[in-house]
Amino acid sequence: MLITNSGLKIPCICVTNRRLCRGGFSEQLKRVAAGGTADAVLLREKDLSEKEYYALAEEVMKICEGAGLPCILHTFHRAAAELGCRRIHLPLGIMGEQQPCFDWVGTSVHSVEQAKQAVSLGAGVLVAGHVFETDCKKGLPGRGTSFIHDISLASELPVYGIGGIDAENAGDVVKAGASGVCIMSGFMLETAGAM
């Protein structure tokens, strides 16, 4: 759980980006897993081939399992099924392709229309962003907490905000209707591995 500056406890998913890590990715992930702030790890790593992703996913799943932390794989649903991972995050464009072997299916949305489409395609969790300005989306203004409010009203599914979120502003995201938050840079850049 992420503990905000006001003491609020918020469910928090660590989204990986190994390119941001100042040291080794595996070591950083071990620090994150041991830190107690993340409630799950979403292995994003969009630049890898399926074969490369599979090999990394095996390693990450072992780290997560050792820490008792759920691991969510991204995009490669066949690899996830083969690895026995029951949680998947899929791009909206391939939502209809996954096999019915997952307990947790998330997707990213950037509008109310996409949220409605995700629901119709069988999503169970919506990751809505980007909420605030972030280096990951340089030059693009954040959509703000009103965006989270609108997405939350459009769907009964749990909504996790992403983009520029930290302990200072996470409470605002939840007050707008989110069930939790996703954080990338804060986890991948943090030397202690905890927010």
Side-chain angles (χ1 to χ4, degrees), residues 1-17 29 32-33 35-44 60 64 67-75 77 80 85-92 94-95 98 100 102-134 136-137 142-188 190 194-195:
M1 290 277 182
L2 174 68
I3 301 175
T4 66
N5 291 350
S6 63
L8 185 65
K9 293 181 179 179
I10 298 175
C12 181
I13 298 173
C14 166
V15 179
T16 71
N17 183 341
L29 196 55
V32 168
T37 303
D39 295 293
V41 171
L42 172 56
L43 182 63
R44 190 166 171 260
V60 169
C64 289
L69 199 59
C71 182
I72 304 162
L73 298 186
H74 194 285
T75 302
H77 54 87
C85 183
R86 306 287 296 166
R87 296 171 186 86
I88 191 78
H89 182 95
L90 298 169
L92 189 57
I94 64 169
M95 271 296 297
Q98 91 272 8
F102 299 103
D103 299 330
W104 191 102
V105 179
T107 193
S108 296
V109 296
H110 305 96
S111 68
V112 169
E113 293 75 25
Q114 286 184 351
K116 291 177 181 176
Q117 181 184 5
V119 170
S120 72
L121 292 172
V125 178
L126 303 177
V127 175
H130 64 284
V131 180
F132 303 110
E133 285 187 37
T134 174
C136 295
K137 305 282 184 187
R143 291 181 171 92
T145 55
S146 61
F147 166 69
I148 293 296
H149 178 74
D150 294 345
I151 296 292
S152 298
L153 286 179
S155 167
E156 293 182 7
L157 297 179
V159 175
Y160 278 69
I162 191 169
I165 298 173
D166 57 27
E168 193 172 308
N169 60 25
D172 296 333
V173 177
V174 171
K175 286 176 190 167
S179 298
V181 297
C182 295
I183 297 175
M184 178 190 293
S185 299
F187 283 116
M188 296 293 98
E190 177 64 43
M195 298 280 305

For residues 124-133, please give each side-chain donor-acceptor pair under 3.5 Å, one per line with the distance, not counting sequence neighbours.
from, atom 1, to, atom 2, distance (Å)
H130, NE2, L140, O, 3.2
H130, NE2, P141, O, 3.1

statement: Those residues at least two apart in sequence (or on a different chain) that pass side-chain contact (heavy atoms from CB on, under 4.5 Å) with T75 are P91, I94
query: At their closest point, which heavy atom of A178 faces which heavy atom of G161, and how far apart are they?
result: CB-N, 4.3 Å
task: Any salt bridge (Lys or Arg N to Asp or Glu O under 4.0 Å) involving residues 102-127? Give me the pairs, sequence neighbours left out, ordered by first then second residue.
output: R86-D103
- line: Note: C12 and L2 closest approach over all heavy atoms is CB-CB, 3.9 Å
- request: Output, in order, the C-alpha distance, side-chain angles, deciding distance and verdict of side chain to side chain contact (heavy atoms under 4.5 Å, CB included) for T37 and F187.
  value: CA-CA 9 Å; T37 303; F187 283 116; 3.9 Å; yes
field: Counterpart residues, side-chain hydrogen bond (donor to acceptor under 3.5 Å, both in side chains), relative to S108 (two or more places apart)
entry: H89
- request: Look only at the side chain of N169 and the backbone of D166, and say whether a donor-acceptor pair between them is shorter than 3.5 Å.
  value: yes
- prompt: V112 and I151: side chain to side chain contact (heavy atoms under 4.5 Å, CB included), yes or no, with the steps?
  reply: CA-CA 5 Å; V112 169; I151 296 292; 4.2 Å; yes
- line: Contacts satisfying side-chain hydrogen bond (donor to acceptor under 3.5 Å, both in side chains) that involve residues 4-17 (not counting sequence neighbours) are T4-S6, T16-E45
Given I72, L73, L42, the one that forms side-chain contact (heavy atoms from CB on, under 4.5 Å) with I88: L73
task: Check I10 against G171 and note the closest heavy-atom contact, atom names and distance.
output: CD1-N, 3.7 Å
message: My understanding is that only residues two or more places apart in sequence, or in another chain, count here; which of them pass side-chain hydrogen bond (donor to acceptor under 3.5 Å, both in side chains) with H74?
response: none
- prompt: In Å, rounded to the nearest 0.5 Å, how long is the span from CG of L43 to CG of L29?
  reply: 8.0 Å
field: From CA spacing to verdict: side chain to side chain contact (heavy atoms under 4.5 Å, CB included), L90, H77
entry: CA-CA 8 Å; L90 298 169; H77 54 87; 4.1 Å; yes
query: Rounded to the nearest 0.5 Å, how far apart are CG of D150 and CG of L153?
result: 6.5 Å
field: E156: partners by side-chain contact (heavy atoms from CB on, under 4.5 Å), with sequence neighbours left out
entry: none
Listed partners of H110 passing side-chain hydrogen bond (donor to acceptor under 3.5 Å, both in side chains), at least two apart: Q114
Least distance between heavy atoms, A33 atom then L69 atom: CA-CD2, 3.8 Å
message: Among residues at least two apart in sequence or on other chains, which ones pass side-chain contact (heavy atoms from CB on, under 4.5 Å) with S146?
response: none
field: From L92 atom CG to T107 atom OG1, the distance as rounded to the nearest 0.5 Å
entry: 4.5 Å
query: At what distance, to the nearest 0.5 angstrom, does CG of D39 lie from CD1 of I13?
result: 8.0 Å
- request: Measure across A118 and V109 and return the closest heavy-atom pair with its distance rounded to 0.1 Å.
  value: CB-CG1, 4.1 Å
message: Restricting to side-chain contact (heavy atoms from CB on, under 4.5 Å), what partner residues turn up for V119, sequence neighbours left out?
response: S155, L157
Donor-acceptor pair, side chain of S179 and main chain of P158, under 3.5 angstrom: no
message: Looking at every non-hydrogen atom in both residues, tell me the closest pair between S152 and G177 and how far apart they are.
response: OG-O, 3.1 Å
